[in-house]
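Please read all numbers here as calculations on a predicted model, not as lab measurements. When a ligand or atom number is given, it counts from 1 through the structure's own listing order.
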Amino acid sequence: MELKFTEQQQAFRLEVRAWLEQHVPAKPLQSFDTQEGFEQHREWEKTLASGNWGMVTWPKEYGGRGCNLIEWLIFEEEYYRARAPLRVNQNGIFLLGPTIMEYGTPEQKARYLTQMASGEEMWAQGWSEPGAGSDMAAIRSKAVRDGDEYVISGQKIWSTRAVFADWVFCIFRTDPESTRHHGLSFIFVPLDTPGVTVRPIPQLDGLPGFAEIFFDEARVPVSNRMGEEGQGWHIAMSTAGFERGLMLRSPARFQETAKRLVELYRSRANDILDLSIEDAVVRCYMDAESYALSTYQTASRLIKGGKIGAEASLNKIFWSELDLRMHETAMSLLGSRAELLPESEENAEDLGQWLDGFLFAQSGPIYAGTNEIQRNIIAERLLGMPR
Ligand SMILES: Cc1cc2nc3c(=O)[nH]c(=O)nc-3n(C[C@H](O)[C@H](O)[C@H](O)COP(=O)(O)OP(=O)(O)OC[C@H]3O[C@@H](n4cnc5c(N)ncnc54)[C@H](O)[C@@H]3O)c2cc1C
């Protein structure tokens, strides 16, 4: 691992910074968990794509810049530094995109990647079912082969922003005789397919950030399957590796929150009687920096041909718990004002987005596989303990 940036990397950083300074919207966009905010974010994705910044690690022919993972981390640092809008197509660009790159056919790469990087097509993830959350191998929704089509029946749940998205990537049971992780396949479904019904579910903040999706004999072509029939579990585990181990939550997101936490602490330092809060701020800052260093190490390893394995679970626990601690510390610093909604308060400059962030941080230990499940993985696969 090289601890200094090369001249070329520094020049890349300046190029990203200059472009973002010119293009990041001056006023924050509305939440992407509302129809209007979602469309505002889609426009922003298109703006990013117009500068070829949609997904910098992808090859140029798919709308990227052919950057390596270190350059991606630099891009992410500049992105959060500029306080640019969160990526509304994160399920697509951070999870499905890298998976298509590995398992998709040349036709699938050409068909889906450019549209994804340009924000033309937004993706939702449809894995969880009412009876299959942590125990994803219990999936029951099925896709039955009928000639050149699959006929899909069943239900998915907790699908983030599926209410507004264009497509969902799912795991369905294609072998009706199979059990557990055998006989599952990875299939893409346009959300406007006849027989597909999407119903919003409000999140903790009241916005329709989730949806349940019902499939009532919906038909999609067999060419919408990625990988071989029955290979779905194996491919899904590779997507989960990207999700937990690297792409979904880049360190810059937490470093930026840690910086804002320090600013908040400084603005309140004279009123703080409880010195343990000071310790908590310092700990959060150091942990965000440690997470960044550890991610640079992972990126260097991957560049040299390494793979993400069970250690992705360590990462996922680390960032989700750090996010919770940072927001809890901010709430303690804000004291009784912490619970005020910025939009309903006149002198709300100090409140920022802390309450929103605090509510969202509660979900970190649940999504991308709960932290209890990650601890099971660590115990069994990294420490070699019995089930
Ligand atoms: C913000 C957010 C966004 C999400 N987005 C999506 C999405 O886009 N697409 C999608 O498919 N899903 C999504 N999910 C769903 C998420 O993947 C599931 O909530 C998660 O996998 C847990 O499943 P469950 O809710 O059914 O809980 P359960 O599996 O029922 O678990 C309940 C509790 O039991 C614990 N538990 C279960 N089994 C074990 C075990 N073997 N050992 C120890 N503890 C155990 C769990 O850790 C948890 O605390 C999202 C969830 C959240 C919160």
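- Ligand 1 has an N or O atom lying under 3.5 Å from an N or O atom of Trp127, backbone or side chain.
- Every atom of ligand 1 is numbered from 1 in the order shown, and the set under 4.0 Å from a heavy atom of Glu372 is 43 (C), 44 (N), 46 (C), 47 (O), 49 (O).
- Checked against a 3.5 angstrom limit, the closest N/O atoms of Tyr367 and ligand 1 fall outside it.
- By the ring pair (Phe, Tyr, Trp, His ring centres under 6.0 Å) test, Phe210 is found to be paired with Trp158, residues two or more places apart in sequence or in another chain being considered.
- No side-chain donor from either of Tyr79 and Glu256 sits under 3.5 Å from a side-chain acceptor of the other.
- Backbone and side-chain nitrogen or oxygen atoms of Ser159 are examined, and none is located within less than 3.5 angstrom of a nitrogen or oxygen of ligand 1.
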List the steps, then state whether salt bridge (charged side-chain N to carboxylate O under 4.0 Å, His left out) holds for Arg283 with Glu321. CA-CA 12 Å; Arg283 166 58 61 191; Glu321 293 189 347; over 6 Å; no
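- A donor-acceptor contact closer than 3.5 angstrom links the side chains of Glu289 and Gln255.
- Close approach of ligand 1 to Ile373 is summarised as follows: ligand atoms under 4.0 Å from at least one heavy atom of the residue are 38 (N), 39 (C), 40 (C), 41 (N).
- Between the side chains of Asn91 and Thr160, no donor-acceptor pair is found at a separation under 3.5 Å.
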Between Gln231 and Arg225, does a side-chain contact (heavy atoms from CB on, under 4.5 Å) hold up when you go through it step by step? CA-CA 10 Å; Gln231 205 192 357; Arg225 190 191 70 225; over 6 Å; no
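- Close approach of ligand 1 to Ser363 is summarised as follows: ligand atoms under 4.0 Å from at least one heavy atom of the residue are 1 (C), 53 (C).
- The atoms of ligand 1 that sit less than 4.0 Å from any heavy atom of Thr370 are 22 (C), 46 (C), 47 (O).
- For ligand 1, the atoms closer than 4.0 angstrom to any heavy atom of Ile366 are 19 (O), 20 (C), 53 (C).
- Note: no N/O pair closer than 3.5 Å links Asp135 and ligand 1 by distance alone.
- Applying the 4.0 Å criterion to heavy atoms of Phe210 picks out, from ligand 1, the atoms 1 (C), 2 (C), 3 (C), 4 (C), 52 (C).
- Here's the thing with Thr160: one of its N/O atoms is less than 3.5 angstrom from an N/O atom of ligand 1.
- For Asn91, no nitrogen or oxygen atom sits less than 3.5 Å from a nitrogen or oxygen atom of ligand 1, counting backbone and side chain alike.
- Scanning all protein heavy atoms for the shortest distance to atom 37 (C) of ligand 1 gives Ser134 OG, 3.6 Å.
- Heavy-atom contacts of Asn376 reach the following atoms of ligand 1: 40 (C), 41 (N), 42 (N), 43 (C) (cutoff under 4.0 Å).
- Within the cation-pi definition used here (under 6.0 Å to the ring centroid, within 45° of the axis), Arg260 qualifies as a partner of Trp354.
- With a 6.0 Å cutoff to the six-membered ring centre and a 45° limit on the axis angle, Arg249 does not count as a cation-pi contact of Phe254.
- Ionic pairing of Lys109 and Glu61 is not present here: no N-O contact between side-chain nitrogen and carboxylate oxygen is shorter than 4.0 angstrom.
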